[in-house]
Amino acid sequence: GLTEKLQATFRRLRSKGKLTEKDVNTALREVRLALLEADVNHRVVRDFVAAIKERAIGAEVMESITPGQQMVKIVHEEMIELLGGTAGRLQMASKPPTIIMLVGLQGAGKTTTAGKLANHLRKNGRRPLLVAADVYRPAAIEQLHIVGEQVEVPVFSMGDKLSPVHIAKAGLEKALRDGRDVLIIDTAGRLHIDTELMQELTSIKAEVGPHEVLLVVDAMTGQDAVNVATAFDEHLGIDGVIMTKLDGDTRGGAALSVKAVTGKPIKFAATGEKLDALEVFHPDRMASRILG
Amino acid sequence: LITGRKIDESLYEELEELLIISDVGVHTSLDLVESLRHAAKEQKLADGDSLKALLKSQLRELLGEPAPMNIEPGRLNVIVVVGVNGVGKTTTIAKLAHQYKKQGLKVMLAAGDTFRAAAAEQLEIWGQRLAVPVLRHGEGADPAAVVYDAVQSAKARGINVLIVDTAGRLHTKSNLMQELAKIVRVAGRECQGAPHEVLLVIDATTGQNAVVQAEQFGKSVPLTGLVLTKMDGTAKGGIIFAIASQQELPVKFIGVGEGMDDLRDFDPDQFVEALFD
Ligand SMILES: Nc1nc2c(ncn2[C@@H]2O[C@H](COP(=O)(O)OP(=O)(O)OP(=O)(O)O)[C@@H](O)[C@H]2O)c(=O)[nH]1
Ligand SMILES: Nc1nc2c(ncn2[C@@H]2O[C@H](COP(=O)(O)OP(=O)(O)OP(=O)(O)O)[C@@H](O)[C@H]2O)c(=O)[nH]1
Ligand SMILES: [Mg+2]
Ligand SMILES: [Mg+2]
């Protein structure tokens, strides 16, 4: 991985004598390549490398007998900081129900994640209610009903002929009537450039006032992650991110991209198709994974 | 970005950045820019426009010739659709079914995803919309058994194109990859020459992992082509150049939306042009 590459680079550079700033730039190029290979957005990479350069040309690296290891240590530390600065907990509302809304591109894993969140909250003593607000995708409502059944959480739906705004509102009223203390709204996948569908999300948000709008992002997303995250945050406003499909072998640089451009915390990591495959996000594990 | 410029280092850097931001991948991009430099020197190019044209022809060359689908009249053709979770397999199958039906062929769908919640129901709704029969079993059934039954039924009904939907799966799960290999084997055993097409569906928003997907799925089943979905978003899909640099696996279709009409034959010239928009 990056450690071996940097050690080899520094071995070669040090054999020519004392390290110079130019040598550090050569080594930083290896860091840039590793991050780009890992799908971190190229602008985020540029900013990240510029930010760590300060430390990289300090005595920490230049006067170390293991400069390669020192540089990796710096990269690691700075990445963990960037990935996990702010607290990644779900904010529970002071007055129930806490309203969570899941949004994101088509196929990211929203419906499955809704089930996982419901499962996680029910096991922690909450009384969640799932709301089927995807009226477009064939059998989406049925999919959420099956998922709800599997995690023993009720699902509120009104078929696919009514507007998602109306369904979300009715779901909230149902939660209040039945004493459900968390509302989890599953929405249809959509493109961040679909003005009408982005407006629909804004309308749902205005109608029910979610405490947590969570962007669900596929961990294998490439350079486009920055466009998607920025658009969702600017048009709608998000409170956090859930990275999915981390059980694969993708390096997951999209996580760094999304965090860097929105500043919003990554709250959960989804790691499988089963409905218990949800964990709290660990910045250190993600950093190691991105760096390979 | 290029018109009327002279060729200098910053131009090469801009071209490299354009490739990287399109998900062509850093190594493929560096290789392309490197061979661009050599060719530009050799051909004594002097302006930015001709450099850009040269890069386009390099990219175009990497993609190879468009490959038609191996679908012939007068026989049962079997298409198996595979790929990781959520990329658009089921929706792509609906689009293919629509296209072949419009061409006058008799189409049938096999609900080979027996795992995911409401997967068969999703395919059945598409079947109803398209007036195309869907063969399914219950949830948790053996997908190989579904394929076996679907082929028998297709033969009995004089079907021309049987399209098999499979569950999304990560290539890192060896038991699931073995299941896929079994589905393909059963199709081949029950129908001469089947599967005639094994299409790997790749989401255009995917980064470098698509190269691993193409490599690993290819180890379990004989892939015949790629479908690149969600090209109606902002992702450029440059990952197909990285895949092309490693193996010959032609892109046959592009998905440009969620409706049954949102499928286009892959046009490599248009694709290369769009990269520079
Ligand atoms: N391996 C793996 N698969 C996942 C994970 N999360 C979701 N999936 C799968 O990804 C596919 C898509 O999941 P969905 O929940 O339907 O995605 P969605 O965002 O609701 O899709 P749309 O509603 O169409 O936008 C399904 O096959 C899920 O089983 C995960 O963490 N790991
Ligand atoms: N915008 C857009 N959305 C697409 C395209 N193709 C599929 N989708 C959407 O992507 C989501 C997932 O599509 P599916 O067909 O369920 O994907 P899949 O690969 O069968 O998913 P699994 O079976 O769960 O692995 C759905 O919301 C589709 O409508 C496309 O070309 N463009
Ligand atoms: Mg969904
Ligand atoms: Mg499917």
Side-chain angles (χ1 to χ4, degrees), chain A residues 32-43 45 105-112 115 136-150 188-194 217-228 231 244-245 247-254 272-273 275, chain B residues 16-17 19-27 29-30 84-91 94 115-129 139 167-173 176 202-210 212-213 216 229-230 232-239 257-258:
Chain A
R32 173 175 175 267
L33 289 183
L35 294 178
L36 286 173
E37 273 175 11
D39 287 324
V40 181
N41 181 271
H42 75 130
R43 290 220 177 88
V45 172
L105 293 182
Q106 292 91 344
K110 298 174 292 300
T111 305
T112 310
Y136 308 105
R137 171 175 156 149
I141 296 170
E142 181 152 357
Q143 183 185 2
L144 193 66
H145 273 288
I146 293 172
V147 159
E149 221 165 283
Q150 288 172 343
R190 68 205 63 216
L191 296 178
H192 51 297
I193 52 172
D194 186 325
V217 178
D218 191 322
M220 59 188 181
T221 310
Q223 297 290 306
D224 199 44
V226 152
N227 300 326
V228 178
T244 61
K245 308 178 200 174
D247 44 321
D249 57 3
T250 189
R251 296 269 290 275
E273 295 193 68
L275 298 170
Chain B
E16 181 187 302
E17 178 156 320
L19 295 174
I20 288 175
I21 196 161
S22 306
D23 285 315
V24 173
V26 65
H27 291 297
S29 302
L30 290 177
V84 302
N85 308 72
V87 294
K89 297 176 292 300
T90 305
T91 310
F115 170 76
R116 207 207 69 217
E121 286 74 10
Q122 182 186 5
L123 194 66
E124 282 181 313
I125 291 174
W126 278 115
Q128 285 159 20
R129 288 181 184 177
E139 191 174 323
R169 70 202 64 218
L170 296 181
H171 46 281
T172 46
K173 310 201 170 161
L176 296 183
I202 302 255
D203 185 326
T205 66
T206 304
Q208 298 313 299
N209 196 247
V212 185
Q213 291 171 26
Q216 292 302 316
T229 59
K230 309 180 195 173
D232 45 321
T234 52
K236 291 290 191 168
I239 196 62
E258 303 189 67

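All heavy atoms count here, side chains included; hydrogens, waters and symmetry mates do not. Residue numbering restarts at 1 for every chain, and letters A, B, ... go by the order of the sequence lines.
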**OP:** Tell me, for His192(A) versus chain B, whether the close heavy atoms (under 4.5 Å) come from the side chain, the backbone, both or neither.
**Re:** side chain
**OP:** State, with a plain yes or no, whether a side-chain heavy atom of Met220(A) is found less than 4.5 Å away from one of Val84(B).
**Re:** yes
**OP:** Below 4.5 Å from any heavy atom of chain B, which atoms of Arg32(A) appear? Answer side chain, backbone, both or neither.
**Re:** side chain
Subject >> Segment of Leu105(A) engaging chain B (4.5 angstrom heavy-atom cut-off) >> reply: side chain
Original post:
Which distance, rounded to the nearest 0.5 Å, do you find between the CG of Asp23(B) and the CG of Asp39(A)?
Top reply: 6.5 Å
Original post:
Below 4.5 Å, heavy atoms only, C-beta onward: do Val87(B) and Gln106(A) meet side chain to side chain?
Top reply: no
Original post:
Taking the side chain as C-beta and beyond, is there a heavy-atom pair between Arg116(B) and Gln143(A) under 4.5 Å?
Top reply: yes
Original post:
Tell me, side chain or backbone of Leu33(A) under 4.5 Å from chain B's heavy atoms, or both, or neither?
Top reply: both
Original post:
Minimum heavy-atom separation for Ala118(B) to Ala139(A), with atom names?
Top reply: CB-O, 3.8 Å
Original post:
Given a strict heavy-atom distance threshold of 4.5 Å, which part of Asn227(A) is in contact with chain B: side chain, backbone, both, or neither?
Top reply: side chain
Original post:
Mind checking what makes side chain to side chain contact (heavy atoms under 4.5 Å, CB included) contact with Ala210(B), not counting sequence neighbours?
Top reply: Ile202(B), Thr206(B), Ile239(B), Ile243(B)
Subject >> Part of Gln216(B) within contact of chain A (heavy atom distance under 4.5 Å) >> reply: neither
Original post:
From Asp224(A) CG over to Thr205(B) OG1, what is the distance, rounded to the nearest 0.5 angstrom?
Top reply: 6.5 Å
Subject >> Qualifying residues under side-chain hydrogen bond (donor to acceptor under 3.5 Å, both in side chains), relative to His42(A), sequence neighbours excluded >> reply: none
Original post:
Out of curiosity, Ile146(A) CD1 to Glu121(B) CD, how far, rounded to the nearest 0.5 Å?
Top reply: 5.5 Å
Subject >> Engaged part of Asp247(A) at the chain B interface, taking heavy atoms whose separation is under 4.5 Å >> reply: both
Original post:
Which bit of Leu30(B) comes within less than 4.5 Å of chain A, counting heavy atoms only: side chain, backbone, both or neither?
Top reply: side chain
Original post:
Is there a side-chain contact between Gln122(B) and Arg137(A), using heavy atoms and a 4.5 Å cut-off?
Top reply: yes
Original post:
Which bit of Glu16(B) comes within less than 4.5 Å of chain A, counting heavy atoms only: side chain, backbone, both or neither?
Top reply: side chain
**OP:** Please look at Glu149(A) and chain B and tell me whether the side chain, the backbone, both or neither of the residue comes under 4.5 angstrom of a heavy atom of that chain.
**Re:** neither
Subject >> pair Glu124(B)-Pro138(A): side-chain heavy atoms closer than 4.5 Å >> reply: no
**OP:** Examine the side chains of Asp249(A) and Thr172(B) and answer whether a donor and an acceptor come within less than 3.5 Å of each other.
**Re:** no
**OP:** Decide yes or no for Glu37(A) and Gln208(B): does some side-chain heavy atom of the first lie under 4.5 Å from some side-chain heavy atom of the second?
**Re:** no
Subject >> Residue of the set Thr221(A), Thr250(A), Asp218(A) for which side chain to side chain contact (heavy atoms under 4.5 Å, CB included) holds with Asn209(B) >> reply: Thr250(A)
Original post:
When rounded to the nearest 0.5 angstrom, what distance separates CG in Asp232(B) from CG in Asp194(A)?
Top reply: 9.0 Å
**OP:** Please name the pair of heavy atoms, one in Glu273(A) and one in Gly168(B), separated by the smallest distance, quoted to 0.1 Å.
**Re:** OE2-O, 3.7 Å
**OP:** Sort Lys173(B) into side chain, backbone, both or neither according to what part of it lies under 4.5 angstrom from a heavy atom of chain A.
**Re:** side chain
